[in-house]
> 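Dumping the structure here so I can ask a few things about it.
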Amino acid sequence: MKRNFIASALLAAAFSAGAAGISSPSGNLVLNVSVNDSGTPTYSLSYKGKTLVADSRLGLVADEMGFADNFTISATDTMTVDRSWEPVWGEYSTVRDHFRELAVTFTGGEPSREMTVRFRVFDDGLGFRYELPRQDNANYLTLRDEATEFNFTADHKLFCIPGDYDTDEYLWSETSFSGLPGALASYTGHTESQRSGGNTIQTPLLLKTDGPVYVNLHEAALDGYPAMLIDVDSDTYSMRTNLVPDRLGVRAYLQLPFNTPWRTLIVSDDARDILASQLVLNLNEPCKIEDTSWIKPMKFVGVWWEMFTGRVKSWAYSDDYRAKPGVTDYTKIEPNGHHPANTENVKRYIDFAAAHGIDGVLVEGWNEGWEDWCSYKKNRQFLFDKPYPDFDLPLLRDYAASKGVKLVMHHETAANAVDYERQLERAFQFMKDNNYDAVKTGYVGAIIPRSEHHTSQWMVEHVRHVIERAAAYGIMVDSHEAPRPTGLCRTYPNWLAQESARGGEFESMGGNPPSHTCILPFTRLKGGPMDYTPGLFETRLSHYGEGKDSQAGTTLARQLALYLTMPSPMQMACDLPENYERFPDAFKFIEDVPVDWADSRYLEAEPNQYITVARRDKNSDDWYVGAITDHNARKATIDFSFLPEGVKYLATIYEDAPDADWKENPQAYRIRTVTVDSRTRLKQPLAPGGGTAMRITKK
Ligand code: NOJ
Ligand code: CA
């Protein structure tokens with residue numbers, strides 16, 4: 001790792017008793033910090049000479065002590081850092097971490113208190129966090145509020161989802177500060193847990209000014225603290241933090257010294273820079289796992305989609321909802337006969353994975369506990385070491401090993417996180433004993449028995465604990481229904497992926513419009529990779545003939561492009577083997593596409609409309625391109641100047657056929673090859689809701 005620290009007290013910044021300031025390395029972003037008349041710390045941020053965030057308050061409020069007023073600036077400290085680091089996996093093999101830092105210490109009040117706010121100004125944005133050292137008077141805080149504001153200056157565009165303490169599985173609204181109350185009113189799902197009312201939204205969110213300047217607002221390194229939601233004032237264009245509370249209304253219980261997560265603003269007048277930014281990862285701690293050789297990015301298939309087609313309606317072995325895990329002798333109760341986690345079916349998936357070079361097979365419904373999990377009344381307990389009688393684990397373990405395929409474990413907890421913690425060590429040991437290296441976890445439903453919210457401090461700590469214990473066993477994790485990622489995958493790279501947004505499963509429940517995957521990379525993905533589950537080839541659920549009429553908002557070719565535009569080191573090929581066998585030439589792309597990258601170049605991007613990206617494989621000289629559009633047909637411009645000069649490549653292009661259309665003709669695709677070099681510019685047509693994927697190999 002290359003490190004180069006340059007400490008400097010003489011930055012292009014002005015300091016006086018009540019104010020301090022600093023600019024980003026290029027000077028584009030300028031941060032100013034001061035205290036107002038009541039001694040409340042404030043900051044402002046300008047971009048290219050224009051105010052982006054006007055004077056905005058900073059502070060924390062605890063029962064024992066307030067950290068929001070009666071302060072003066074007692075010290076400032078600055079430094080410039082320019083270093084780089086190598087992620088275990090990701091979009092780039094090397095990440096540059098280049099910023100100017102200003103740490104402002106505020107003291108004062110009676111009894112006296114001290115708080116440092118550490119600001120890091122990068123060329124692509126700002127991060128800041130509160131640091132509370134041990135105090136003379138109180139070191140255990142019952143945090144009631146974080147008073148951080150982001151005061152914007154005009155009625156900017158907003159891309160957001162409703163503020164909900166428990167779920168983020170929503171479609172995105174493209175609205176504005178003034179349009180927000182109406183825009184959110186149309187949401188109907190999950191309203192019982194949307195406790196913070198109409199004008200609260202979640203992060204990561206995206207803003208676009210008239211400029212345009214694009215701003216992604218989120219947080220980094222969320223640990224030991226609740227997730228941040230944002231209260232929006234539609235009249236003043238002000239945003240304010242709203243931390244997820246526990247059932248008693250307490251935001252967090254803190255033991256000092258304590259550093260909060262970073263509040264992050266990724267800023268650029270070029271939308272592509274928002275996608276390329278590594279700011280959130282840069283603000284996380286370096287990798288804590290010493291030997292990472294066992295962390296292996298992977299592709300996997302699974303019985304998963306069978307549940308969603310309507311053909312198989314249950315994860316459970318039996319329809320007898322009275323069956324109790326660990327009590328019922330499952331060999332003595334009637335199997336329902338439509339539960340796909342059975343030995344024969346799983347062998348079929350293993351055979352398919354082996355034949356196509358897919359690393360893993362995920363099996364939902366393999367263990368005791370699914371009979372009554374959805375009623376959430378009696379049996380919200382699963383056993384993580386008790387296979388159902390029709391899942392011959394030793395046989396499948398050995399069969400998978402003989403074929404060079406890994407079984408991927410599934411731990412649905414039905415949100416009984418306390419019980420999961422009790423079983424955790426046994427569950428992970430069971431995995432290792434049976435040759436499993438990766439687990440998909442799940443927290444469907446309201447958290448019991450504590451009545452916590454999914455993104456409260458307690459759950460944030462629970463999930464981090466699971467990741468740490470998994471690392472101790474050499475286990476990789478893909479978590480569903482967990483708090484939205486904030487770049488902790490840098491510190492714990494065994495945390496390969498998360499769901500934490502509306503994923504591909506909704507294609508069977510009303511569908512995701514094509515624009516959905518044109519916004520996720522600007523928002524949710526800035527925290528970390530998503531287990532979106534691309535690879536859907538049969539997009540009409542009516543195909544299965546059992547009453548489902550949902551249709552996915554995509555063409556077949558676009559599903560291939562998602563492997564590039566939704567990068568993840570744990571990538572599913574979600575469809576049924578029989579559907580892949582109908583389109584073997586298209587499936588070849590899924591076989592070939594890597595899940596770990598040496599370099600990435602965003603070629604074109606506009607939130608909610610289109611994304612074109614080129615990526616270089618980490619393990620070869622091959623390049624790949626993915627381009628997607630919303631419901632409008634589009635011509636992507638692909639500029640191949642990312643290729644080395646003077647070298648000829650063969651591009652295999654998987655594209656929408658001329659008459660393709662996500663609604664009317666989703667499976668119309670073509671495959672062609674063209675010779676390209678660094679001077680090639682291709683105008684590539686994309687169908688409505690369509691996309692293109694390319695594999696580019698040296699000739
Ligand atoms: C919801 C998850 O998102 C899905 O992927 C999983 O299969 C089910 N819960 C069951 O655990
Ligand atoms: Ca989910």
Side-chain angles (χ1 to χ4, degrees), residues 161 164-171 189-190 193 202 300-317 325 339-341 345-346 349 360-376 379-384 388 391 407-417 419-420 427 438-447 453-455 459 463 466 477-485 496-512 516 520 524 529-536 552 566 568 570-576:
I161 56 175
D164 189 316
Y165 297 150
D166 287 292
T167 185
D168 21 51
E169 298 185 8
Y170 289 108
L171 288 176
H190 301 286
S193 58
Q202 290 182 0
F300 64 105
V301 290
V303 303
W304 179 79
W305 191 243
E306 290 193 43
M307 320 292 175
F308 292 95
T309 59
R311 192 201 273 186
V312 178
K313 296 178 187 66
S314 176
W315 275 279
Y317 168 76
H339 138 88
N345 198 33
V346 174
Y349 279 84
V361 174
L362 166 72
V363 189
E364 263 105 342
W366 69 278
N367 61 328
E368 292 186 11
W370 291 91
E371 275 64 30
D372 192 34
W373 78 294
C374 267
S375 86
Y376 309 135
N379 280 350
R380 287 177 63 188
Q381 188 194 26
F382 286 87
L383 295 182
F384 302 108
Y388 281 134
F391 186 81
L407 288 176
V408 178
M409 177 50 83
H410 185 240
H411 288 169
E412 174 57 60
T413 66
N416 192 340
D419 188 60
Y420 189 39
V439 61
K440 169 178 168 181
T441 59
Y443 297 88
V444 172
I447 307 290
H453 292 296
H454 277 74
T455 52
M459 271 304 281
V463 176
V466 170
V477 184
D478 163 17
S479 26
H480 280 228
E481 297 92 31
R484 290 170 291 289
L496 290 188
Q498 287 189 236
E499 183 192 44
S500 302
R502 181 174 161 122
E505 66 192 17
F506 282 86
E507 301 289 21
S508 76
M509 298 178 273
N512 290 337
H516 188 57
L520 285 171
R524 156 67 184 78
M530 177 168 177
D531 180 19
Y532 185 77
T533 65
L536 194 64
M566 299 283 289
S568 171
M570 191 163 172
Q571 202 73 282
M572 191 173 198
C574 74
D575 213 331
L576 310 180

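Order of appearance sets the numbers: ligands from 1, and atoms from 1 within every ligand. Remember, it's a predicted structure, so these values are computed and weren't measured experimentally.
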> Do me a favour and list the nearest non-hydrogen protein atom to atom 5 (O) of ligand 1 with residue, atom name and distance?
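The closest one turns out to be K440 NZ, 2.6 Å.
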> Do Y443 and H454 meet the criterion of a side-chain donor-acceptor pair at a distance under 3.5 Å?
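No donor-acceptor contact under 3.5 Å links the two side chains.
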> List ligand 1 atoms under 4.0 Å from W370, heavy atoms only on the residue side.
10 (C), 11 (O)
> Scan H480, K440, Q498 and name whichever one has a side chain to side chain donor-acceptor pair (under 3.5 Å) with D531.
H480
> Compare all side-chain heavy atoms of Y170 with those of D164 and state whether any distance is below 4.5 angstrom.
yes
> Tell me how many protein N, O or S atoms are closer than 3.0 Å to the Ca ion (ligand 2).
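Protein heteroatoms (N, O, S) closer than 3.0 Å to the Ca ion (ligand 2) number 4.
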> Are E306 and Y349 close enough, and set up right, to give a side-chain contact (heavy atoms from CB on, under 4.5 Å), and what steps lead you there?
CA-CA 12 Å; E306 290 193 43; Y349 279 84; 2.7 Å; yes
> Enumerate the atoms of ligand 1 whose separation from the nearest heavy atom of E499 is less than 4.0 angstrom.
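Those qualifying, in numeric order: 3 (O).
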> May I ask you to check whether F506 and H516 place their ring centers less than 6.0 Å from one another?
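They do not qualify: ring centres at least 6.0 Å apart.
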> Which of the atoms in ligand 1, numbered in the order shown and given with their element, are less than 4.0 Å from a heavy-atom of H480?
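Every atom of ligand 1 under 4.0 Å from some heavy atom of H480: 2 (C), 3 (O), 5 (O).
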> Under 30°, 30 to 60°, or over 60°: which ring-plane class applies to W315 and W370, parallel, tilted or perpendicular?
parallel
> What atoms of ligand 1 come within less than 4.0 Å of a heavy atom belonging to H410?
11 (O)
> Below 4.0 angstrom from a heavy atom of E481, which ligand 1 atoms are there? Numbered from 1 as shown, please.
1 (C), 2 (C), 3 (O)
> Mark up the atoms of ligand 1 that fall under 4.0 Å of a heavy atom belonging to E412, in ascending order.
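Listed by number with element: 9 (N), 10 (C), 11 (O).
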> Looking at V346 and V361, what are the two nearest heavy atoms and their distance?
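The answer is CG1-CG1, 4.5 Å.
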> Please tell me if the side chains of V303 and V363 come closer than 4.5 Å, counting only heavy atoms from C-beta onward.
yes
> Could you tell me which atoms of ligand 1, counted from 1 in the order shown, lie closer than 4.0 angstrom to a heavy atom of V444?
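Answer, ordered by atom number: 1 (C), 9 (N).
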> Taking the ring centre of each residue, are Y420 and F384 less than 6.0 Å apart?
yes
> I'd like to check which ligand 1 atoms, numbered from 1 as shown, lie under 4.0 Å from a non-hydrogen atom of E505.
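Matching atoms, with element in brackets: 1 (C), 2 (C), 3 (O), 4 (C), 5 (O).
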> Return the closest protein heavy atom for atom 7 (O) of ligand 1 as residue, atom name and distance.
E364 OE2, 2.7 Å
> Taking all atoms of both residues into account, what is the closest heavy-atom pair of A415 and A446, and its distance?
CB-O, 3.3 Å
> Do L520 and M530 come within less than 4.5 Å of each other through their side chains, counting heavy atoms only?
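Answer yes - side chains close enough.
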> Quick test of your reading of the structure: of Y443, W304, W315, F308, whose heavy atom lies closest to atom 8 (C) of ligand 1?
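The residue whose heavy atom sits nearest atom 8 (C) of ligand 1 is W315.
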